[in-house]
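Worksheet: the structure to be examined is printed underneath.
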Amino acid sequence: MVISVVSRGISHCNNGLYLPPSFLHFVRCMALWSMKKDPELEAALSRNRRWVVNNQIKNIILGYPSQEAPVKFLQRKFKTLDLQGKALNWLKKYPCCFEVHLRGDEYYCRLSKRMMYLVDEEESVKSMQEPVFVERLAKLLMMSTNQRLNVMKINELKRNFGFPDDYMLGIVAKHGDMFRVVNHSGRKSSMELELISWDPDLAVSAIEASAHRDGSEPCFSCSLPSSWVKSWERFHEFNSTPYISPYVDPRGLTEGSKEMEKRTVGLVHEILSLTLWKKASILKLGHFRREFSLPEKLNILLLKHPGIFYVSNKYQLYTILLREGYNGSELIEKDPLVILKEKFGELMQEGLHEYNRSHYLANLEKKRRIGMGLERLDKRKEKSGEVSEQDQGEGLGSLFDPEERRRFYKVLFDDKSP
């Protein structure tokens with residue numbers, strides 16, 4: 001199919017080959033997605049998708065007065081959640097998570113009691129995880145060029161790292177010895193978070209920590225089948241040069257050099273290691289291009305290292321996953337928040353199973369009723385057929401009697417008959 005599109009896009013002119021703008025746009029779009037699909041990692045993304053959507057719905061409901069939102073209001077939010085269809089139908093699929101009720105002529109939705117229990121448990125886990133959040137935030141700032149990051153950009157990835165919505169108050173304000181807010185222009189969009197205390201104990205990447213435990217030199221690991229011979233050869237060549245820590249100041253490295261590539265791969269690896277699900281949006285990572293000294297075409301660099309990263313275009317959202325973080329479709333190391341969110345996922349699945357079961361039984365009953373109606377109709381047809389055959393028999397039976405038939409023909413053909 002792709003070959004036919006390419007062949008249609010190319011034509012010849014007097015000066016040689018002509019590539020129309022539409023074809024060039026197609027090639028640019030195809031340039032990002034060229035990695036062979038991994039069914040197990042794709043399954044992990046599919047499983048997360050429903051959870052992400054319902055988690056966002058949960059947050060919308062919790063932020064609404066009395067924690068009960070009109071379904072019409074949620075319907076308007078569906079576009080921002082990249083969902084289609086009716087919000088009411090979606091909510092009814094998860095009866096263990098959401099309770100929908102009719103008040104007057106309008107539907108309202110609130111969280112179920114079991115869901116509220118998980119919300120309370122989540123708040124408790126986040127409170128206990130505060131020291132971990134402080135370390136993650138400090139590490140992010142330590143990897144940036146000036147130990148400073150834009151607050152709005154951090155907000156785009158805060159859920160990836162598990163940061164609470166009020167982390168600026170709950171974490172930053174409480175740790176004034178490590179962080180401070182800088183805003184020279186006074187605009188909200190220019191507000192930045194700055195690290196004021198460098199901790200050398202935190203300037204150790206996940207790769208360096210693993211090498212220290214194993215008593216070996218820090219290096220990347222490759223998670224590809226042995227049949228990917230050329231990819232393994234490129235990986236060994238890349239891995240043969242010394243590892244460069246993402247916490248090293250990159251300003252001494254030449255842009256486009258192998259050393260800079262090594263540092264960038266290490267930086268993306270470290271950022272993904274700090275996330276809950278060892279994954280992030282490539283688009284959102286690209287927003288930190290200046291702060292992390294990332295290349296302009298980050299996607300091309302990531303695709304050069306399929307043994308370290310997996311790039312997916314599922315749901316038309318370019319996502320990068322850390323291969324070594326997964327065993328098949330399952331995370332190897334699970335953060336306490338991930339374990340809690342899996343309970344949320346189990347509650348979702350229970351509700352979805354309940355919904356599907358009730359619909360199956362309803363359809364079965366519908367088919368049974370239709371079948372009974374057809375059976376009654378068939379019986380009426382059979383009965384009417386028997387009656388008509390009986391009527392025909394009574395009218396023609398005398399003609400089929402041999403004696404009567406002989407008399408009939410004698411009268412018909414005998415001229416002497418009266």
Side-chain angles (χ1 to χ4, degrees), residues 1-3 5-6 27 29-51 160 205-244 246 258 261-283 285 294-295 297-335 338 342 345:
M1 181 180 176
V2 173
I3 294 174
V5 173
V6 171
V27 172
C29 291
M30 287 295 292
L32 180 57
W33 173 239
S34 59
M35 189 173 285
K36 185 178 179 180
K37 287 191 176 182
D38 186 317
E40 292 182 319
L41 292 178
E42 291 290 321
L45 287 171
S46 298
R47 191 166 56 247
N48 280 344
R49 171 64 176 166
R50 285 180 177 271
W51 178 89
N160 291 67
S205 69
I207 287 180
E208 290 172 318
S210 177
H212 180 73
R213 287 193 298 269
D214 298 338
S216 60
E217 290 295 318
C219 61
F220 296 99
S221 62
C222 183
S223 305
L224 286 178
S226 56
S227 57
W228 290 39
V229 179
K230 290 185 177 180
S231 295
W232 270 101
E233 289 176 355
R234 287 193 293 268
F235 171 75
H236 285 311
E237 183 183 353
F238 173 76
N239 217 23
S240 62
T241 58
Y243 173 80
I244 298 177
K258 290 184 177 180
E261 180 180 349
K262 194 91 174 190
R263 191 259 176 186
T264 302
V265 171
L267 182 137
V268 175
H269 183 287
E270 181 70 358
I271 290 175
L272 295 178
S273 297
L274 295 174
T275 62
L276 297 179
W277 281 280
K278 314 306 177 195
K279 69 182 182 69
S281 161
I282 294 180
L283 180 65
L285 280 180
L294 297 173
K297 297 180 179 179
L298 177 63
N299 57 299
I300 295 176
L301 183 142
L302 297 175
L303 287 168
K304 286 172 62 179
H305 302 280
I308 303 172
F309 307 118
Y310 176 70
V311 178
S312 171
N313 187 27
K314 199 168 188 67
Y315 307 113
Q316 297 182 341
L317 299 170
Y318 292 105
T319 305
I320 178 171
L321 290 88
L322 191 61
R323 281 189 183 271
E324 67 183 50
Y326 284 83
N327 179 17
S329 63
E330 293 294 326
L331 271 172
I332 296 173
E333 295 182 5
K334 296 182 179 180
D335 186 273
V338 171
E342 284 185 343

Say you draw a straight line from [atom1] of [X] to [atom2] of [Y]; how long is it, rounded to the nearest 0.5 Å?
X: Leu302; Y: Leu285; atom1: CG; atom2: CG; value: 8.0 Å
X: Phe235; Y: Lys304; atom1: CZ; atom2: NZ; value: 14.5 Å
X: Leu294; Y: Leu267; atom1: CG; atom2: CG; value: 6.0 Å
X: Leu322; Y: Ile271; atom1: CG; atom2: CD1; value: 11.5 Å
X: Ile320; Y: Leu283; atom1: CD1; atom2: CG; value: 13.0 Å
X: Ile308; Y: Leu272; atom1: CD1; atom2: CG; value: 11.0 Å

Is the backbone N or O of [Y] less than 3.5 Å from a side-chain atom of [X], with the two atoms forming a donor-acceptor pair by type?
X: Ser273; Y: His269; value: yes
X: Glu270; Y: Ala206; value: yes
X: Asn160; Y: Lys279; value: yes

Is there a side-chain contact between [X] and [Y] (heavy atoms, below 4.5 Å)?
X: Ser312; Y: Leu41; value: no
X: Asn299; Y: Val311; value: no
X: Ile332; Y: Lys278; value: no
X: Leu321; Y: Leu45; value: yes
X: Tyr243; Y: Ile207; value: yes
X: Arg234; Y: Lys230; value: yes

Under 3.5 Å, is there a donor on one side chain and an acceptor on the other for Thr241 and Lys258?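 Checked: Thr241/Lys258 side chains show no N/O donor-acceptor pair below 3.5 Å.
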Would you indicate whether Asp214, at its atom CG, is surrounded by more than 12 heavy atoms from other residues, nucleotides or ligands within a distance under 6.0 Å?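 More than 12 within 6.0 Å, yes.
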Exceeds 12 heavy-atom contacts within 6.0 angstrom, atom NZ of Lys334: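 Yes, the 6.0 Å shell around NZ holds more than 12 heavy atoms from other groups.
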Among Glu42, Glu40, Arg323, exactly one meets side-chain hydrogen bond (donor to acceptor under 3.5 Å, both in side chains) together with Tyr310. Which residue is that?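 The passing option is Glu42.
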Do you know the tightest heavy-atom contact between [X] and [Y]?
X: Leu224; Y: Ser231; answer: CD1-CB, 3.6 Å
X: Ser329; Y: Ala43; answer: CB-CB, 4.4 Å
X: Ser240; Y: Lys262; answer: N-NZ, 4.5 Å

Phe238 and Phe220 aromatic centres sub-6.0 Å: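 Yes: the rings meet the under 6.0 Å criterion.
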Would you call the rings of Trp232 and His236 parallel, tilted or perpendicular if under 30° counts as parallel and over 60° as perpendicular?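 Rings of Trp232 and His236: tilted, 30 to 60°.
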